[in-house]
Each structure stands twice: as C-alpha cells, then as structure tokens.
Amino acid sequence: RALKARLCADAANMDAAFNYCSSISNMLLQGDYLVETLDIKPIPLPEGRGSRGALSLRYFMDLCVSVRKFMAGDIFGVLREQAKVQDGLQPCDMLSLQLWLPFVRESYRILGYRDIAPQYKVWSMYHCKKVAEKVQSMLDIIQKSQGKLASMGMLNKVRQELENRTSASQGPTESQSNAESLACASQWIMQHATRLAVPEGCKKVARRVHEVCPTYGGLPGFYAPVWEVMGPDGVALAVDFAAAKEESKDRSSSLQYNDLCIWDPEESGPIKKRLVIGQVMQNRKKEPSAVVLESRLFNMRIKHLKDAVLSRSNEESYPDEKFSLRTWSGGLLDEDIVVGAAKKGSSSALDKAVRSPFLAKFATIEAFMSDLSGKELAKMSLEVGLPVYCYPQGSRLALDTTQEGQVVNDPFVFTTQLNHETGLYGTTAEVDFDPCPSNHVFPLQFRYSEGQNIILKQDAPEQGWVDAEVKTLPTKESNFK
C-alpha cells in the first residue's frame with residue numbers, strides 16, 4: 001500500500017495495472033507445449049475505476065501477441081523442415097521449457113538493476129516466481145517420463161499442427177508477398193510505360209481470364225497470358241490448364257509426371273527457391289509430351305519485366321499457326337471480346353487471330369523440368385504475351401490525377417466490378433477506369449482482421465492517437481472502409 005501511494009496519486013490506477021500485469025504473465029506462461037504457449041490472445045482492459053492505469057500495458061500486450069505470432073511462424077517453419085528428415089523431430093522440440101529457461105535467466109536479473117522502477121520489479125518478482133514454478137513442473141514431468149516422451153503423443157500433435165499451419169498460411173502469405181512485390185514493381189512499370197503499351201483486345205482477354213482464374217483471381221498483379229510452352233528441343237508442346245494436379249494425373253497411367261518450375265525471381269540469397277507452375281507429362285521414352293499449367297496467366301515480376309524490356313526487339317513474333325484462342329481460353333471468351341483484333345477476312349476471331357497485335361509475344365521466361373527432389377532434368381521456357389494490370393474487387397489504386405484527360409479527381413480509389421464489354425474496372429469514384437502502366441501505381445495495402453486491436457490517429461490533430469478495434473471488414477457497400 002505504501003508503494004502504491006508513492007508511485008501514483010490514485011491507488012486504483014496501480015491496482016488495475018498490477019492486476020493486468022498478473023493477467024499478462026499468466027497468458028505468456030500458458031501451456032507446456034509450444035503449440036499452446038505461442039498461441040496467445042489479447043487481454044481486455046480491466047473494468048471499473050482506475051482501468052486507465054493499464055493502458056500502456058495493453059499496448060505492450062498487443063505487441064506480444066504479434067511477436068508470438070511471428071515467432072510461431074519462424075519456429076514451425078524450422079520444425080517443418082526438420083520433419084522432412086527421418087527422426088528429425090524430437091520430443092524436446094515441442095516443450096515450452098525452451099522458453100521458460102531464458103525467462104528465468106532474464107527475469108531475476110531485473111531485481112538487481114538500480115535504474116529499474118519499483119513497480120517493474122514488483123511485476124518481475126511475480127513473473128519470476130511463475131516461471132520457476134513452470135520450470136520445476138516441466139522438469140518433474142520429464143523425470144517421471146524418461147524414455148516415454150516419444151510415446152506421449154507430442155510428436156503427433158506437433159505434426160498435425162504443422163499440417164494445419166501449412167494449409168492455413170499459404171493464402172495470406174502469398175497474398176501479402178504478391179502485394180508488396182507489385183507495389184515495388186508498379187513504380188518501375190510507370191517509368192517505362194511507353195514500352196509496355198498494350199492493345200485493347202489484350203486487356204479484355206487478360207482481365208476476363210484473371211477474373212475467373214482459380215490461382216490468381218484474388219491477387220492483384222501485372223499478368224501476361226501464357227501462349228506457348230517450349231520443350232527442351234524448342235518445339236511448342238500441347239498445353240492444358242488445370243488447378244488440381246491430381247485431376248490431370250489420373251488421365252493416363254502410362255504417363256510420367258514431373259514438375260514444371262521457375263526460379264523465384266524475388267529470392268536474392270545464395271539458395272535458390274523453385275516455384276512450381278505446372279506439370280510436365282512424359283511418354284515412355286521420358287520425352288515431354290504435354291504440359292498442364294496451373295493458370296493461363298503468368299505473374300510478371302520486376303526481374304522478368306526488366307529482362308523482357310532490355311532484350312525485346314522491334315520484330316514481332318507470334319504463336320504457332322496451330323494456335324487457337326478458342327482452345328486456349330477453354331470457353332471463357334466469346335467472339336465479341338476480340339472484335340477488331342483478328343485478321344481481316346477471317347471467319348472467326350477466336351480461331352484465326354494468329355497475327356493479331358494482342359497475340360504478339362512479349363517475353364520468354366526461362367523454366368525447367370524437375371523431379372520431386374528438385375533436381376533439374378531439362379530446360380524449358382514459356383512464351384508469354386503482353387502484360388496487363390489485373391485487379392480483384394476491392395484493390396486500392398493510387399491514380400495520377402495530373403494526366404490530361406483523367407476523369408477521376410480522387411487520387412485513391414478502389415476497384416469494383418469488371419466491365420466485360422470494355423475491359424475497364426468500375427471504381428468507388430463511380431467512373432470506369434482503365435489501369436494502364438502510365439496512369440497509376442499500386443500502393444502498399446493494409447488489411448486487418450475482424451476483432452484486431454490497432455492504434456490509430458484521430459482526425460483532429462489535438463486528439464492524438466487512440467486504441468481501437470476492427471469491428472467490420474470492408475465491403476463494396478461501405479466503399480471498402
């Protein structure tokens with residue numbers, strides 16, 4: 001009581017702060033296994049008089065939630081690699097004791113520091129006592145279960161957690177990485193806009209295909225249609241498109257399948273990372289006979305664009321004469337979508353558009369065929385068309401409002417529905433917009449989940465910053481706010 005009186009004029013503030021400290025320690029020290037310990041949740045502020053005393057602690061706790069989340073991602077990433085090796089995972093890898101021992105080492109040292117405030121030392125004593133109890137409890141369990149840890153189900157539990165995290169994290173991680181990459185690339189694209197102009201027909205085709213693409217439909221990007229896949233001998237292979245590899249594998253048991261890959265253009269380290277973009281079907285002579293791609297589109301990253309712009313010649317090249325846009329689209333496109341793009345006198349724009357401007361090849365992307373172990377078996381390549389900006393509904397764009405003829409005055413808009421007839425996107429500014437390399441960039445996107453705690457700056461400067469919670473997610477009706 002004397003300590004509280006010295007530290008704060010209102011003891012209720014200190015009561016709330018100390019109670020919140022104990023709640024934080026209990027949350028940070030929960031569970032005996034990493035799966036449980038790393039899965040912490042935000043703690044609501046105490047109610048009643050003096051609750052404001054815990055505001056700064058709540059900010060600290062929200063940071064801890066984020067740190068534990070990233071920590072879990074790193075740890076389970078390492079464990080996932082270890083699980084691929086025989087006997088790579090051991091029971092000790094699962095124990096939270098790995099965290100408790102450093103906690104004990106660091107917590108008790110705070111008590112001897114002279115530049116630490118008394119209230120921090122009070123919390124440190126409580127925390128140190130709790131950690132010591134957890135360590136002693138875990139050591140007792142290990143001593144009683146010597147030789148039996150492997151049979152206690154911990155390994156199965158963490159393997160299941162690894163599988164769950166792998167399937168649950170793929171989408172958001174890919175989306176975040178793709179958005180960050182596009183935000184950087186769009187600046188370069190605007191600087192070289194004159195060399196990246198595309199005909200209207202190409203925009204209609206790419207955006208219509210992107211809208212229904214199971215692989216890239218929900219991801220913004222600068223996408224180029226994949227017109228052809230060239231085999232090791234430089235001859236175009238038969239190309240099919242399927243989102244699921246297993247569906248194509250059942251077509252013929254006499255065929256052998258290997259991965260069609262590219263090297264990750266974003267990876268700059270000494271260890272290269274391969275990205276699987278499809279499957280190569282081989283005949284009994286182990287010669288590539290056909291390719292099954294996961295998408296009709298290829299996501300052009302800044303490395304691909306730089307290589308293409310620097311190496312592109314003035315002489316246009318086109319797909320093989322056997323190429324049919326109708327076959328390539330798989331029924332996704334109708335005749336009207338390429339009106340004006342076909343050769344004069346052709347009977348069908350979809351079947352005879354071999355020399356149309358929007359079918360011109362833009363770049364050759366180096367690829368390779370590899371087995372399941374990642375060993376490169378043969379070099380291959382993709383022949384891609386002119387790249388086009390494609391956006392899902394709700395993408396935030398930063399427009400260049402200084403351009404002559406720009407009908408949108410607001411520098412920031414969100415995309416809505418795609419107009420199939422014009423190939424333009426509706427926007428929250430209530431005008432259709434054609435996202436070209438010269439008229440906008442893709443800014444970094446900020447996305448929050450429902451119930452997430454954030455700190456935001458209020459409209460009036462004198463009001464400063466305030467704690468807030470995300471109540472509803474953005475929708476078209478709310479102008480994506």
Side-chain angles (χ1 to χ4, degrees), residues 73-74 76-85 88 162-163 165-182 184-185 213-216 219 221-226 228-234 237 239-249 255-282 286-308 311 363-384 387:
D74 288 341
F76 284 104
V78 174
L79 295 179
R80 192 177 297 115
E81 293 300 317
Q82 286 295 107
K84 298 177 182 178
V85 183
L162 291 177
E163 292 179 5
R165 285 179 175 270
T166 300
S167 58
S169 64
Q170 282 177 346
T173 302
E174 181 182 5
S175 175
Q176 181 179 4
S177 173
N178 184 78
E180 292 176 353
S181 175
L182 180 60
C184 295
C213 178
T215 303
Y216 295 122
L219 300 176
F222 202 49
Y223 295 102
V226 182
E228 292 178 319
V229 178
M230 314 304 288
D233 55 359
L237 301 176
V239 180
D240 195 3
F241 303 93
K245 304 173 187 176
E246 298 301 327
E247 293 179 2
S248 58
K249 286 186 178 181
L255 296 176
Q256 180 181 347
Y257 290 80
N258 284 303
D259 291 333
L260 177 63
C261 308
I262 62 170
W263 294 118
D264 186 355
E266 308 290 340
E267 188 62 55
S268 58
I271 301 177
K272 292 184 178 181
K273 177 183 177 182
R274 68 187 189 114
L275 301 177
V276 179
I277 60 173
Q279 300 289 303
V280 181
M281 295 183 283
Q282 294 178 280
K286 294 187 177 181
E287 298 173 344
S289 58
V291 173
V292 179
L293 294 179
E294 295 183 351
S295 174
R296 292 172 171 82
L297 302 175
F298 182 79
N299 192 3
M300 298 290 287
R301 301 300 178 97
I302 191 168
K303 180 182 183 301
H304 301 135
L305 293 169
K306 287 181 178 179
D307 292 343
S311 62
T364 299
I365 307 298
E366 294 182 357
F368 59 93
M369 179 176 64
S370 73
D371 56 20
L372 295 178
S373 65
K375 179 182 178 181
E376 183 175 328
L377 302 178
K379 293 188 180 298
M380 302 178 66
S381 63
L382 309 179
E383 299 292 336
V384 302

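Residues take their numbers from the sequence shown, with the count starting at 1.
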**Separation of L219 CG from S181 OG (nearest 0.5 Å)** = 11.5 Å
**Asked** Nearest heavy-atom pair of V384 and A224: which atoms, and what distance?
**Response** CB-CB, 3.9 Å
**Item:** For the student: nearest non-hydrogen atoms of M380 and V229, plus distance
**Value:** CE-CG1, 4.0 Å
**Closest contact, heavy atoms only, I262 versus A367** = CG2-CB, 3.9 Å
**Item:** Note, M281 side chain near V292 side chain (heavy atom, < 4.5 Å)
**Value:** yes
**Request:** Quick one: do V276 and L260 satisfy side chain to side chain contact (heavy atoms under 4.5 Å, CB included)? Show the steps, please.
**Result:** CA-CA 6 Å; V276 179; L260 177 63; over 6 Å; no
**Message:** For the aromatic rings, using the six-membered ring if either is Trp, is the centroid distance between Y216 and Y223 under 6.0 Å?
**Reply:** yes
**Student check: side-chain heavy atoms of S370 and K375 closer than 4.5 Å** = no
**Request:** Apply the test side chain to side chain contact (heavy atoms under 4.5 Å, CB included) to residues R296 and C213: give CA-CA distance (whole Å), side-chain angles for both, the deciding distance (0.1 Å), then the verdict.
**Result:** CA-CA 8 Å; R296 292 172 171 82; C213 178; over 6 Å; no
**Fill in**
Applying side chain to side chain donor-acceptor pair (under 3.5 Å) to T364 and not counting sequence neighbours gives E383
**Item:** Steps toward side chain to side chain contact (heavy atoms under 4.5 Å, CB included) verdict (M230, S381)
**Value:** CA-CA 5 Å; M230 314 304 288; S381 63; 3.3 Å; yes
**Item:** Minimum-distance pair of heavy atoms, taken over all atoms of G221 and N299
**Value:** CA-OD1, 4.4 Å
**Message:** Between D259 and Q279, is there a side-chain donor-acceptor contact under 3.5 Å, judged purely by atom types and distance?
**Reply:** yes
**Message:** With a 4.5 Å cut-off on side-chain heavy atoms, are E366 and W263 touching?
**Reply:** no
**Request:** Taking all non-hydrogen atoms of both residues into account, name the closest pair between P225 and L297 and its distance.
**Result:** CA-CD2, 4.0 Å
**Asked** Are any non-hydrogen side-chain atoms of L293 and D240 less than 4.5 angstrom apart?
**Response** no
**Request:** Mind checking salt bridge (Lys or Arg N to Asp or Glu O under 4.0 Å) for K303 and listing every partner two or more places apart, or none if nothing turns up?
**Result:** D307
**Asked** Side-chain contact, heavy-atom cut-off 4.5 Å: I365 with H304?
**Response** yes
**Asked** Would you say L382 and I277 make side-chain contact, with heavy atoms under 4.5 Å?
**Response** yes
**Item:** E376: side chain to side chain donor-acceptor pair (under 3.5 Å) partners, not counting sequence neighbours
**Value:** K379
**Message:** Please check this pair: side chain of S295 against backbone of T215, looking for a donor-acceptor N/O pair closer than 3.5 Å.
**Reply:** no
**Message:** Is there a side chain to side chain contact (heavy atoms under 4.5 Å, CB included) between M300 and F298? Walk through the geometry before answering.
**Reply:** CA-CA 6 Å; M300 298 290 287; F298 182 79; 3.5 Å; yes
**Prompt:** Where do L275 and P265 come nearest, in terms of heavy atoms and distance?
**Reply:** CD1-CD, 4.3 Å
